[in-house]
Amino acid sequence: MQTLTKTYTGAKILTETLKQLGTDTIFGYPGGIVLSVYDELAQQSAIKHYLVRHEQSAVHAAEGYARVSGKCGVVLVTSGPGATNIVTGLANAYLDGFPLVVITGQVSAELLHQDAFQEVDIIDITKSCTKKNFQVKSAENLQQTLQEAFKIAMSGKKGPVVVDITKNVFSEKAEFQELTQNQPEPSTVPSVEQALKAVSSAKRPIIITGGGAINASKEVREFAHSLNIPVVSTMMGLGVYPADDENYLGMVGIFGSANKAVRESDLIIAIGTRFNDRVKGCLGNLENKLIQIDINKVLPEASGLIGDAKEILSEIISKKCEVKDFTDWIQHAKALVTPNYQKRSDRMHSFEVLSEIQECIKDKIITTEVGQHQVWASRCLKFNEPRKFITSGGLGTMGFGFPSAIGASIASNQPVVCIAGDGSFQMNLQEIATCMDYNLPVKIFILNNGYLGMVRQFQEKICEQRYYATKISNPDFVKLAQSYGALGLRVEKFEDIKLALKQAMDYNGTTLIDFVIEPEELL
């Protein structure tokens, strides 16, 4: 196919390349360095730009968009503080493995390394929390660099890529290729014979699903059903396997209820989980009983199948492993699950609020902030499909949940519920303005205990109840919502929850409910 070329400025090459790569949404915040790019965006309609109120929120929103859509999230910010404000968002996406291309403006090439106004070395700053970063100093390299950035972000274990562009590039002219085609890379499926042999000889097998199994949800279900094997999930893998299925046991990890079942198993088939310390430390000795399917690396003690989970599982399923009757094992494993809901007072508790939320929201997308409320949400809410539960796993980022709900709502074009704590919500509460600007139906449900609840709990258990710097002051969240023009509600009694939730979900716009709960609740 013939490739046509035209000559454009770097700013136009940037916008045209983004269109060429399928970008329809950008989250960003303008500044002087990237002004010409914003001028190009203003003259087209294929890409919609969402103006946030903080650059960190732009990256979290782009990640929420990527998690729901399966596409690459895109961010555009200016130089200096605009660039440094993206770092937390990059680290979050890097650890959890979601694709982003984050474009930063930079001072002109001739001013690099001279401490020019708003110059920071964002390349060195972001090396440890990106899959790759590029600095573009000439317009003739821009299109190819952007294409490579998207390819890297979306391949293997997905993740963020930074493209730092010096100011001179935006005004320079260069050739733009209107049509380019990337040849798909051949995929390989490793041998699965050893895994099949292990499954055939097992008496108490169990499957663990992680966030890396999102795209293999169908195959995970088929594999588990074909052998009648129980399934557990990490927090990041919730929804990969339906919570309503009779073979599903629950969550594993430091706050999981199904750890005992995994410890008593004689074969663990782990799909798309990297076994961080908060999971691995709860599961006992994994030697000689772990098969780990992962896109890029496995534990030393594992029999590893490195590759795409969807392809590997398809290969295993096609081999038709010997089927055994694991009914007794499943029943025994279910008996080992230990949920722990205990009230400390007559006040509302998180699990009571969340049980009502579950009845109200059905199959809506849920995002969470980070803290006690996050764990309660993962325990109490049921997810029967992937991409319905969006939370910060590897980094544990307070302030992630609300802006990620914005991106998720844009990607899905439907209401999204953000479960927040009063501490986490204050990290990025300014994004109510973004919701109002674009009439986004984001529903913010704050479990308000007046504390940094998770840290307070640690102080109660570890520091002999010496509470320090964990009791926090809050604004009046209802008035805050109203000041932006959103609907604000407060609930202090259990019997009022249903009505407030109905009002929130029926309202065509942004809604905040302040649920005042027991301050000293424990997980």
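In this chain, numbering begins with 1 at the start of the sequence shown.
Counting heavy-atom neighbours within 6.0 Å of K132 NZ, excluding the residue itself, gives a total of 12 or less. Residue R278 qualifies as open at atom CZ: its count of foreign heavy atoms under 6.0 Å is 12 or below. Heavy-atom contacts from other residues, nucleotides or ligands closer than 6.0 Å to NZ of K167 number 12 or fewer. In this structure, Q144 places its CD atom where only 12 or fewer heavy-atom neighbours from other residues, nucleotides or ligands lie under 6.0 Å away.
Considering only residues two or more places apart in sequence or on other chains, Q459 meets the side chain to side chain donor-acceptor pair (under 3.5 Å) condition with T470. Residues satisfying the ring pair (Phe, Tyr, Trp, His ring centres under 6.0 Å) test with Y438, not counting sequence neighbours, are Y50. The side chain to side chain donor-acceptor pair (under 3.5 Å) check on N85 picks up E55, with sequence neighbours excluded. Considering only residues two or more places apart in sequence or on other chains, Y38 meets the side chain to side chain donor-acceptor pair (under 3.5 Å) condition with H49. Annotation: ring pair (Phe, Tyr, Trp, His ring centres under 6.0 Å) contacts of H54 (sequence neighbours excluded): none. Remark: K48 pairs with no residue by the side chain to side chain donor-acceptor pair (under 3.5 Å) rule, at least two apart or across chains. Every residue two or more places apart in sequence or in another chain that forms a ring pair (Phe, Tyr, Trp, His ring centres under 6.0 Å) with Y8 is listed here: F176.
Of the possible donor and acceptor atoms, one in the side chain of Q457 sits under 3.5 Å from a partner among the backbone N and O of L523. Checked by atom type and distance alone, the side chain of T130 pairs as donor or acceptor with a backbone atom of T126 at under 3.5 Å. Looking only at distances, a side-chain donor or acceptor of K71 sits under 3.5 Å from a matching main-chain atom of G22. Between the side chain of T234 and the backbone N or O of G237 there is at least one donor-acceptor pair closer than 3.5 Å.
You'll find the side chain of L14 reaches within 4.5 Å of the side chain of L142, heavy atoms only. I86 is listed as a side-chain neighbour of T104, based on a closest heavy-atom distance under 4.5 Å. Taking 4.5 Å as the limit, every side-chain heavy atom of L100 sits out of range of all side-chain heavy atoms of V161. The shortest distance between side-chain heavy atoms of F515 and I419 does not fall below 4.5 Å. Here the side chains of K498 and E359 are not in contact, with every heavy-atom distance at 4.5 Å or above. Residues K364 and V416 form no side-chain contact, since every pair of their non-hydrogen atoms from C-beta on lies 4.5 Å or further apart.
Taken from CD in Q374 to CE in M398, the straight-line distance is 10.5 Å, to the nearest 0.5 Å. The CD atom of E385 sits 14.0 Å away from atom CG of L238, with the distance rounded to the nearest 0.5 Å. The structure places OH of Y241 at 10.5 Å from CD1 of I271, a figure rounded to the nearest 0.5 Å. Between atom CE of residue M454 and atom CG of residue N449 there is a gap of 11.0 Å, rounded to the nearest 0.5 Å.
Legend: ring pair (Phe, Tyr, Trp, His ring centres under 6.0 Å) pairs involving residues 381-408, not counting sequence neighbours, sorted by first then second residue: H60-F400, F383-F389, F402-F425. Sequence neighbours left out, not one pair with a member in residues 392-401 passes salt bridge (charged side-chain N to carboxylate O under 4.0 Å, His left out). Applying the salt bridge (charged side-chain N to carboxylate O under 4.0 Å, His left out) test to pairs two or more places apart or on separate chains, those with a residue in residues 478-493 are D476-R490, R490-D514. Counting only residues at least two apart or in different chains, side-chain hydrogen bond (donor to acceptor under 3.5 Å, both in side chains) contacts with residues 407-423 comprise D422-N474.
Side-chain polar atoms of Y467 and R456 form a donor-acceptor pair below 3.5 angstrom. Side-chain contact check for E148 and T145: no donor-acceptor pair (N or O, by modelled atom type) lies under 3.5 Å. A donor-acceptor contact under 3.5 angstrom links the side chains of D24 and Y65, judged on distance only.
Between E518 and R344, none of the side-chain N atoms (NZ, or NE/NH1/NH2) sits under 4.0 Å from a carboxylate O, so this pair counts as no salt bridge. We find that R274 and D294 are not joined by a salt bridge, their nearest charged nitrogen and carboxylate oxygen being 4.0 Å or further apart.
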Distance-only donor-acceptor hits, side chain of residues 503-510, under 3.5 Å, sequence neighbours excluded:
from, atom 1, to, atom 2, distance (Å)
D506, OD2, K502, NZ, 2.7
T510, OG1, L440, O, 2.8

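Cation-pi geometry between K461 and F458 is not satisfied (NZ or CZ under 6.0 Å from the ring centre, within 45° of the ring normal). Remark: K280 is not positioned above the aromatic ring of F275, lacking an NZ or CZ atom under 6.0 angstrom from the ring centre and at most 45 degrees off the axis.
F255 has its ring centre no less than 6.0 Å from the ring centre of W376.
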task = Could you give me the CA-CA distance, side-chain angles and deciding distance for Y484 and D437, then say whether side chain to side chain donor-acceptor pair (under 3.5 Å) is met?
result = CA-CA 10 Å; Y484 280 100; D437 283 353; over 6 Å; no
